[in-house]
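Per chain, numbering begins at 1; letters A, B, ... match sequence-line order.
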Amino acid sequence: MNAKRADTIVVLDFETSGLSPDMGERAIEIGAVLIEGGEITDSFQSLMNPGIRISAFIEDYTGISNAMLSKAAPCEEVMKRFNDFIAGHNLVAHNASFDKRFLDAELSRVSCSYPGDFACSLLASRRIFQDAPNHKLGTLVQYANLDTVSSISSGSFHRALYDSEMTAKLWLAMLEDIGERYGIYDLPFSFIQQLSKVPKKSVHKFIKD
DNA sequence: TGCCAGGCCCTCTTTAGGGCCTT
(Lines give C-alpha, C1' and ligand atoms only; values in the text may rest on other atoms or scores of the structure.)
Protein backbone atom coordinates (compact mmCIF):
# COMPACT_ATOMS: atom_id res chain seq x y z
CA MET A 1 0.00 0.00 0.00
CA ASN A 2 1.17 3.52 -0.76
CA ALA A 3 2.06 5.88 2.05
CA LYS A 4 -0.87 8.16 2.81
CA ARG A 5 -0.74 11.44 0.95
CA ALA A 6 -2.49 14.16 2.90
CA ASP A 7 -3.13 16.30 -0.19
CA THR A 8 -5.04 13.62 -2.06
CA ILE A 9 -8.64 12.57 -1.51
CA VAL A 10 -10.78 9.88 -3.11
CA VAL A 11 -14.47 10.82 -3.22
CA LEU A 12 -16.59 7.72 -3.61
CA ASP A 13 -20.20 6.68 -4.00
CA PHE A 14 -21.85 3.26 -3.93
CA GLU A 15 -25.11 2.28 -5.57
CA THR A 16 -26.50 -0.67 -3.62
CA SER A 17 -29.38 -3.11 -3.52
CA GLY A 18 -30.68 -1.54 -0.30
CA LEU A 19 -29.80 0.30 2.84
CA SER A 20 -27.96 -2.16 5.04
CA PRO A 21 -25.22 -4.72 4.36
CA ASP A 22 -26.20 -6.29 7.69
CA MET A 23 -29.53 -7.19 6.09
CA GLY A 24 -27.88 -8.91 3.14
CA GLU A 25 -27.86 -5.91 0.82
CA ARG A 26 -24.94 -5.66 -1.63
CA ALA A 27 -23.09 -3.03 -3.61
CA ILE A 28 -24.03 -2.95 -7.30
CA GLU A 29 -21.91 -0.04 -8.56
CA ILE A 30 -18.92 1.92 -7.34
CA GLY A 31 -17.86 5.31 -8.62
CA ALA A 32 -14.99 7.44 -7.37
CA VAL A 33 -12.82 10.37 -8.32
CA LEU A 34 -9.34 11.30 -7.16
CA ILE A 35 -8.74 14.91 -6.09
CA GLU A 36 -5.15 16.12 -6.28
CA GLY A 37 -4.22 19.75 -5.78
CA GLY A 38 -7.86 20.83 -5.84
CA GLU A 39 -8.63 19.13 -9.16
CA ILE A 40 -10.14 15.85 -10.27
CA THR A 41 -7.28 13.93 -11.85
CA ASP A 42 -8.51 10.32 -12.02
CA SER A 43 -11.68 8.29 -11.75
CA PHE A 44 -12.96 4.76 -11.17
CA GLN A 45 -16.33 3.33 -12.18
CA SER A 46 -17.69 -0.16 -12.38
CA LEU A 47 -20.96 -2.00 -12.12
CA MET A 48 -20.60 -5.16 -10.06
CA ASN A 49 -22.64 -8.34 -10.06
CA PRO A 50 -23.78 -9.08 -6.50
CA GLY A 51 -25.21 -12.48 -7.33
CA ILE A 52 -28.66 -11.49 -6.14
CA ARG A 53 -31.59 -9.91 -7.94
CA ILE A 54 -32.24 -6.26 -7.14
CA SER A 55 -35.73 -4.90 -6.56
CA ALA A 56 -37.82 -2.96 -9.05
CA PHE A 57 -37.47 0.02 -6.73
CA ILE A 58 -33.66 -0.05 -7.01
CA GLU A 59 -33.83 -0.58 -10.77
CA ASP A 60 -36.05 2.49 -11.05
CA TYR A 61 -34.09 4.55 -8.50
CA THR A 62 -30.67 3.97 -10.07
CA GLY A 63 -31.44 3.05 -13.66
CA ILE A 64 -29.32 -0.04 -13.12
CA SER A 65 -31.15 -3.19 -14.22
CA ASN A 66 -30.75 -6.84 -13.37
CA ALA A 67 -29.84 -7.41 -17.02
CA MET A 68 -26.99 -4.89 -16.73
CA LEU A 69 -25.71 -6.52 -13.55
CA SER A 70 -25.84 -10.01 -15.05
CA LYS A 71 -23.16 -8.93 -17.52
CA ALA A 72 -21.01 -7.15 -14.90
CA ALA A 73 -17.89 -8.45 -13.19
CA PRO A 74 -18.44 -10.00 -9.74
CA CYS A 75 -18.26 -7.72 -6.71
CA GLU A 76 -15.16 -9.52 -5.50
CA GLU A 77 -13.23 -8.78 -8.69
CA VAL A 78 -14.25 -5.12 -8.74
CA MET A 79 -13.54 -4.55 -5.06
CA LYS A 80 -9.99 -5.88 -5.38
CA ARG A 81 -9.34 -3.34 -8.14
CA PHE A 82 -11.05 -0.59 -6.13
CA ASN A 83 -8.96 -1.43 -3.08
CA ASP A 84 -5.89 -0.64 -5.16
CA PHE A 85 -7.47 2.63 -6.34
CA ILE A 86 -8.12 3.98 -2.83
CA ALA A 87 -4.87 2.76 -1.26
CA GLY A 88 -3.01 5.59 0.42
CA HIS A 89 -5.77 8.19 0.08
CA ASN A 90 -8.21 9.79 2.49
CA LEU A 91 -11.84 9.13 1.61
CA VAL A 92 -14.93 11.35 1.35
CA ALA A 93 -18.55 10.42 0.71
CA HIS A 94 -21.93 12.13 1.06
CA ASN A 95 -23.40 10.53 4.19
CA ALA A 96 -20.16 8.65 4.71
CA SER A 97 -21.56 6.34 7.38
CA PHE A 98 -23.65 4.69 4.64
CA ASP A 99 -20.84 4.23 2.13
CA LYS A 100 -18.36 3.19 4.82
CA ARG A 101 -20.63 0.34 5.92
CA PHE A 102 -20.79 -1.01 2.35
CA LEU A 103 -17.07 -0.40 1.73
CA ASP A 104 -16.14 -2.33 4.87
CA ALA A 105 -18.61 -5.11 4.09
CA GLU A 106 -17.54 -5.58 0.48
CA LEU A 107 -13.82 -5.35 1.28
CA SER A 108 -14.17 -7.89 4.06
CA ARG A 109 -15.53 -10.36 1.49
CA VAL A 110 -12.18 -10.18 -0.34
CA SER A 111 -10.15 -10.20 2.88
CA CYS A 112 -9.25 -6.55 2.52
CA SER A 113 -9.81 -3.56 4.78
CA TYR A 114 -9.41 0.17 4.52
CA PRO A 115 -7.49 1.57 7.49
CA GLY A 116 -7.56 5.24 6.45
CA ASP A 117 -9.63 8.26 7.39
CA PHE A 118 -13.18 8.91 6.16
CA ALA A 119 -14.85 12.32 6.06
CA CYS A 120 -18.49 13.13 5.38
CA SER A 121 -19.58 15.89 3.01
CA LEU A 122 -23.10 15.76 4.49
CA LEU A 123 -21.92 16.53 8.03
CA ALA A 124 -19.55 19.19 6.72
CA SER A 125 -22.28 20.83 4.62
CA ARG A 126 -24.62 21.08 7.61
CA ARG A 127 -22.01 23.35 9.17
CA ILE A 128 -20.62 25.21 6.18
CA PHE A 129 -23.84 25.62 4.17
CA GLN A 130 -26.19 26.08 7.12
CA ASP A 131 -28.69 28.08 5.07
CA ALA A 132 -29.25 25.40 2.42
CA PRO A 133 -32.92 24.28 2.14
CA ASN A 134 -31.79 20.74 2.96
CA HIS A 135 -28.56 18.79 2.70
CA LYS A 136 -29.36 16.25 0.01
CA LEU A 137 -26.60 16.05 -2.57
CA GLY A 138 -28.77 17.34 -5.41
CA THR A 139 -30.02 20.28 -3.39
CA LEU A 140 -26.51 21.26 -2.31
CA VAL A 141 -25.22 21.10 -5.88
CA GLN A 142 -27.97 23.54 -6.85
CA TYR A 143 -27.50 25.69 -3.72
CA ALA A 144 -23.76 26.08 -4.36
CA ASN A 145 -24.44 26.78 -8.04
CA LEU A 146 -22.15 23.96 -9.15
CA ASP A 147 -21.76 22.91 -12.76
CA THR A 148 -23.93 19.81 -13.18
CA VAL A 149 -22.43 18.95 -16.54
CA SER A 150 -20.10 16.04 -15.96
CA SER A 151 -16.72 16.01 -17.63
CA ILE A 152 -16.10 12.35 -16.90
CA SER A 153 -19.40 10.51 -17.01
CA SER A 154 -22.56 10.34 -19.09
CA GLY A 155 -24.66 9.52 -16.04
CA SER A 156 -26.92 11.51 -13.79
CA PHE A 157 -27.88 11.65 -10.12
CA HIS A 158 -28.10 8.21 -8.48
CA ARG A 159 -25.34 6.80 -10.63
CA ALA A 160 -22.11 6.22 -8.77
CA LEU A 161 -19.55 8.09 -10.86
CA TYR A 162 -21.80 11.11 -11.41
CA ASP A 163 -22.65 11.37 -7.72
CA SER A 164 -19.01 10.99 -6.70
CA GLU A 165 -18.04 13.76 -9.13
CA MET A 166 -20.77 16.08 -7.80
CA THR A 167 -19.73 15.26 -4.21
CA ALA A 168 -16.14 16.13 -5.13
CA LYS A 169 -17.29 19.47 -6.59
CA LEU A 170 -19.30 20.10 -3.42
CA TRP A 171 -16.28 19.28 -1.27
CA LEU A 172 -14.10 21.73 -3.21
CA ALA A 173 -16.86 24.36 -3.05
CA MET A 174 -17.01 24.08 0.74
CA LEU A 175 -13.23 24.52 0.99
CA GLU A 176 -13.52 27.54 -1.31
CA ASP A 177 -16.35 28.96 0.81
CA ILE A 178 -14.23 28.79 3.96
CA GLY A 179 -11.35 30.34 2.05
CA GLU A 180 -13.45 33.26 0.83
CA ARG A 181 -15.15 33.88 4.18
CA TYR A 182 -12.17 33.43 6.47
CA GLY A 183 -9.16 33.85 4.20
CA ILE A 184 -8.02 30.37 5.17
CA TYR A 185 -6.85 28.15 2.34
CA ASP A 186 -5.20 24.76 2.00
CA LEU A 187 -7.10 23.38 4.95
CA PRO A 188 -5.97 19.90 5.90
CA PHE A 189 -8.35 16.95 5.60
CA SER A 190 -8.32 16.48 9.37
CA PHE A 191 -9.59 20.04 9.89
CA ILE A 192 -12.79 19.33 7.94
CA GLN A 193 -13.20 16.08 9.84
CA GLN A 194 -13.03 17.98 13.13
CA LEU A 195 -15.27 20.76 11.84
CA SER A 196 -17.89 18.14 10.96
CA LYS A 197 -18.23 17.26 14.64
CA VAL A 198 -18.49 20.69 16.27
CA PRO A 199 -21.94 22.09 17.15
CA LYS A 200 -23.38 24.29 14.39
CA LYS A 201 -23.37 27.31 16.68
CA SER A 202 -19.64 26.88 17.27
CA VAL A 203 -18.53 26.62 13.63
CA HIS A 204 -17.53 30.28 13.29
CA LYS A 205 -15.45 30.22 16.47
CA PHE A 206 -13.88 26.87 15.56
CA ILE A 207 -12.69 28.14 12.19
CA LYS A 208 -11.52 31.49 13.55
CA ASP A 209 -9.53 29.80 16.30
C1' DT B 1 -43.80 -16.05 8.93
C1' DG B 2 -42.71 -11.61 9.27
C1' DC B 3 -39.62 -8.64 10.45
C1' DC B 4 -36.19 -5.48 8.23
C1' DA B 5 -30.41 0.36 9.07
C1' DG B 6 -27.88 3.43 11.50
C1' DG B 7 -25.60 7.69 12.72
C1' DC B 8 -26.46 12.47 13.36
C1' DC B 9 -29.08 16.16 15.35
C1' DC B 10 -32.83 18.82 17.28
C1' DT B 11 -36.09 19.46 21.05
C1' DC B 12 -41.72 19.79 23.70
C1' DT B 13 -34.28 15.94 25.83
C1' DT B 14 -30.89 13.11 28.71
C1' DT B 15 -35.54 7.38 32.09
C1' DA B 16 -37.13 9.85 24.34
C1' DG B 17 -38.85 10.50 20.01
C1' DG B 18 -38.64 11.70 15.41
C1' DG B 19 -36.71 13.92 11.10
C1' DC B 20 -32.78 13.93 7.99
C1' DC B 21 -29.65 11.52 4.82
C1' DT B 22 -27.77 7.47 2.15
C1' DT B 23 -29.93 2.95 -1.56
With heavy atoms under 4.0 Å as the rule, sort [X] into base, sugar-phosphate or nothing.
X	answer
D99(A)	nothing
F57(A)	base
T62(A)	sugar-phosphate

Nearest-Å distance once atom [atom1] is located in both [N] and [M]:
N	M	atom1	value
dC12(B)	dG7(B)	P	26 Å
dG18(B)	dG2(B)	P	26 Å
dT14(B)	dC9(B)	C1'	14 Å
dC8(B)	dC4(B)	P	23 Å
dG19(B)	dT13(B)	P	16 Å
dT1(B)	dA16(B)	P	35 Å

In whole Å, what is the span from the [atom1] atom of [X] to the [atom2] atom of [N]?
X	N	atom1	atom2	result
Y162(A)	dT23(B)	OH	C1'	18 Å
E29(A)	dT23(B)	CD	P	11 Å
E106(A)	dT23(B)	CD	P	15 Å
K136(A)	dT23(B)	NZ	C1'	13 Å
L12(A)	dT23(B)	CG	P	12 Å
Y61(A)	dC21(B)	OH	P	12 Å
L103(A)	dT23(B)	CG	P	15 Å
N134(A)	dC20(B)	CG	C1'	9 Å

| said: For N66(A), is there any backbone N or O sitting under 3.5 Å from a side-chain donor or acceptor partner on E59(A)? | reply: yes
Among [options], find the nucleotide with the atom closest to the side chain of [X].
X	options	answer
S20(A)	dT22(B), dT23(B), dA5(B)	dA5(B)
L137(A)	dG7(B), dT22(B), dT23(B)	dT22(B)
L122(A)	dC21(B), dT23(B), dG6(B)	dC21(B)
L123(A)	dT23(B), dC21(B), dC9(B)	dC9(B)
R126(A)	dC20(B), dA5(B), dT23(B)	dC20(B)
D163(A)	dT23(B), dA5(B), dC9(B)	dT23(B)
N95(A)	dC8(B), dT22(B), dC10(B)	dT22(B)
F98(A)	dT23(B), dA5(B), dC8(B)	dT23(B)

| task | Could you tell me whether the side chain of Q45(A) reaches within less than 4.5 Å of the side chain of S164(A), counting heavy atoms only? | result | no
| Are side-chain N/O atoms of T62(A) and E15(A) paired as donor and acceptor at under 3.5 Å? | no
| query | Between T8(A) and E36(A), does any side-chain donor sit less than 3.5 Å from a side-chain acceptor? | reply | no
| message | With a 4.0 Å cutoff (strictly under), does any side-chain N or O of H135(A) reach OP1 or OP2 of dC21(B)? | response | yes
| field | Nearest-nucleotide 5' precedence on DNA chain B, K201(A) against G18(A) | value | K201(A)
| Which residue, S97(A) or H94(A), contacts DNA chain B at a nucleotide closer to its 5' end, judged by nearest heavy atom? | S97(A)
For nucleotides 2-4 of chain B, print each protein N/O atom paired with a nucleotide N/O atom at under 3.5 Å, atom names and distance only.
none

| said: Does the plane of the ring in Y162(A) sit parallel, tilted or perpendicular to the ring in F157(A)? Use 30° and 60° as the thresholds. | reply: perpendicular
| query | Which word best sums up how the rings of F14(A) and F102(A) line up, parallel for under 30°, tilted for 30 to 60°, or perpendicular for over 60°? | reply | tilted
| message | Just to verify, what does A73(A) make a side-chain contact (heavy atoms from CB on, under 4.5 Å) with, not counting sequence neighbours? | response | E77(A), V78(A)
| Are D84(A) and K80(A) ion-paired here, with the side-chain N under 4.0 Å from a carboxylate O? | no
| query | Are more than 12 heavy atoms from other residues, nucleotides or ligands located less than 6.0 Å from atom NZ of K169(A)? | reply | yes
